[in-house]
Peer 1: 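Before anything else, here's the structure in question.
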Number of protein chains: 2
Amino acid sequence: MITNKNCIIRLSRYKNSLYRLQSLGFVKVFSENLADAVGVTAAQVRKDFSLFGISGNRRGGYEIGSLLEKLNTILGKDQVQKVVVVGAGHLGGALMRYNGFEKEGIKIAACFDIDPATYDRASRIPVLPIEELRAFVKDNAIRIGIIAVPDVAAAQVAEQMSNAGIRGILNFAPIRLKVPEDVTINNVNLELELENLIYFVNILNKTKAK
Amino acid sequence: MITNKNCIIRLSRYKNSLYRLQSLGFVKVFSENLADAVGVTAAQVRKDFSLFGISGNRRGGYEIGSLLEKLNTILGKDQVQKVVVVGAGHLGGALMRYNGFEKEGIKIAACFDIDPATYDRASRIPVLPIEELRAFVKDNAIRIGIIAVPDVAAAQVAEQMSNAGIRGILNFAPIRLKVPEDVTINNVNLELELENLIYFVNILNKTKAK
DNA sequence: GTATTATTGTGAAATAAATCACAATACATG
DNA sequence: CATGTATTGTGATTTATTTCACAATAATAC
């Protein structure tokens, strides 16, 4: 079982690049081409594939169509993934309006909040009371949730999600969530990303200056 | 020169946890406590500090105040960091309204777009024509930029930023940007994060099932 | 002031990830 | 059908990161 997050992210990148190559009319690809497109080494590409038992054709490279099928299976993209969002504020709203998920086979099935002013059952993506989270998650067999609430509410929401049966959480709140070990958390923290950039900009600047 | 991104992110996390501990009235902290708060091992905390020449007091732990000073210096938080956003759409708008940056000493100085309908020089955060990016960046000595435009425009914006003198880019567009090597890029890609979650939820599920 | 104890700081060891390098092999060419 | 060539697949090697383990040492107790 491969649990190297970077490796899985590379698989996603390969997949995205392959779609681009396919739409340009390409049918086959060499590890070298894919490596260039994604920004890694050719050996890394082959090693990653080898890890997942994906094989190509010596001297002939990889057939894009079948490669995509395999990657999509590994990445769970052979079916539409339904997710829920908790938090109908600025961020939750932006996520609901964002149309990049659809073409990736990800569907926001509903949004939940505690503020009745936000409720809207008639909307394309319904906004429902948080009390209905559990039932909705069960009824729709949902396993992925997005936390888009202020940090003070995040811990409680994480617990509600976990109790409801959600097994993967994308967390936008800038705090560490504690969940059972069978729940996976990916954090998106813009302050951290910016802070990180600042550090690297600073040290690279100093290095050049010397 | 430490160039391990994860290590720098841990420093940010230590810093955030330390502020929390400080606000609870704590004055000193042990590597063990910090480790618990951040979710790493105590040895990792000490090793990270050691890497940056930060030392505590054997048997007495670390004094939170001076530790924070050192971390803030390393992370470039001893002065307010001004950044620009390019793209005044949903995402750019949400970023401008987001008030989490301010308390981290990060200030969005201006936003740029190509659509005259978005221009607003009188706003708290002015929205300006992209043509003015270069002059603004120079005049305000800005080094960090956020790309919040659709993917088709991202490559061009990255080039404009890089030419204008920006040295760190936070990129929300789901494509790989090519920039000179003295420009650092951090990508935020929600589709990728979700896809990644799906993978881990799937494999953990299978593992448990067997 | 001596002994005891808790905690740091950091080389050494272990583990994880990436790269190398080359045998295996499929296709092309004559 | 033999020879040459390009590309894969992967064990071996290298590099990076984390963890271990324990000497050094500062605070505390007696």
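Note that the structure is predicted; figures quoted are calculated from it, not measured. Just so we're on the same page: letters track the sequence lines, and every chain starts at 1. Keep in mind that the numbers below use all heavy atoms, side chains included, and drop hydrogens, waters and symmetry copies.
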Peer 1: Nearest whole Å is fine: how far is dG11(C) P from F49(B) CZ?
Peer 2: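 From F49(B) CZ to dG11(C) P: 18 Å.
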
Peer 1: Rounded to the nearest angstrom, tell me the gap between atom CD1 in I9(B) and atom P in dT17(D).
Peer 2: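 The distance from CD1 of I9(B) to P of dT17(D) comes to 13 Å, rounded to the nearest Å.
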
Peer 1: Check this for me, if you would: do K15(A) and E104(A) make a salt bridge, where the nitrogen-to-carboxylate-oxygen distance has to be below 4.0 angstrom?
Peer 2: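 Looking at K15(A) and E104(A), the cut-off is met.
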
Peer 1: What is the distance, to the nearest angstrom, from the CG atom on L67(B) to the P atom on dT8(C)?
Peer 2: 11 Å

Peer 1: Looking at E32(B) and R46(B), is there a salt bridge between them, counting it only when a charged N and a carboxylate O are closer than 4.0 Å?
Peer 2: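 Result for this pair is no, no salt bridge flagged.
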
Peer 1: Can you build the contact string for nucleotides 21-30 of chain C? Use B for base contact, S for sugar-phosphate-only contact, and - for no protein heavy atom under 4.0 Å.
Peer 2: B-BBBBBS--

Peer 1: Is a side-chain N or O of D113(A) found less than 3.5 angstrom from the main chain of A88(A), in a donor-acceptor match?
Peer 2: yes

Peer 1: Output the rounded distance in Å from CD1 (I54(A)) to P (dT10(D)).
Peer 2: 12 Å

Peer 1: Which heavy atom of I125(A) sits nearest to which heavy atom of A110(A), and what is that distance?
Peer 2: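 Answer, listing the atom of I125(A) first, then A110(A): CG2-CA, 3.8 Å.
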
Peer 1: So that I can tick it off, tell me whether E195(B) and K77(A) are bridged by a salt bridge, with the cut-off set at under 4.0 angstrom between side-chain N and carboxylate O.
Peer 2: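 A salt bridge is present here (some side-chain N lies under 4.0 Å from a carboxylate O).
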
Peer 1: If you compare all heavy atoms of C7(A) against all heavy atoms of D48(A), which two are closest, and at what distance to 0.1 Å?
Peer 2: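 In this case the closest contact between C7(A) and D48(A) is SG-OD1, 3.5 Å.
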
Peer 1: Measure OH/Y62(B) against C1'/dT25(D) and give the value in whole Å, please.
Peer 2: 13 Å

Peer 1: Can you measure N33(B) atom CG to dA6(C) atom C1' for me and round it to whole angstrom units?
Peer 2: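 The distance from CG of N33(B) to C1' of dA6(C) comes to 13 Å, rounded to the nearest Å.
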
Peer 1: Do F101(B) and Y98(B) have ring centroids that are under 6.0 Å from one another?
Peer 2: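 They qualify: ring centres under 6.0 Å apart.
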
Peer 1: For nucleotides 13-18 of chain C, read 5' to 3', which letter fits each nucleotide if B means a protein heavy atom sits under 4.0 Å from the base, S means only the sugar-phosphate is that close, and - means neither?
Peer 2: ----SS

Peer 1: Grab the CD1-P distance between I8(B) and dT17(D) for me, whole Å please.
Peer 2: 11 Å

Peer 1: Report the distance from atom CD1 of I130(B) to atom CE of M161(B), rounding to the nearest 0.5 Å.
Peer 2: 7.0 Å

Peer 1: Just by modelled atom types, is the Y199(A) backbone N or O under 3.5 Å from a matching donor or acceptor in the N202(A) side chain?
Peer 2: no

Peer 1: Quickly work out the F52(B) CZ to dG9(C) P distance and round it to whole Å.
Peer 2: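 Rounded to the whole Å, the gap is 15 Å.
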
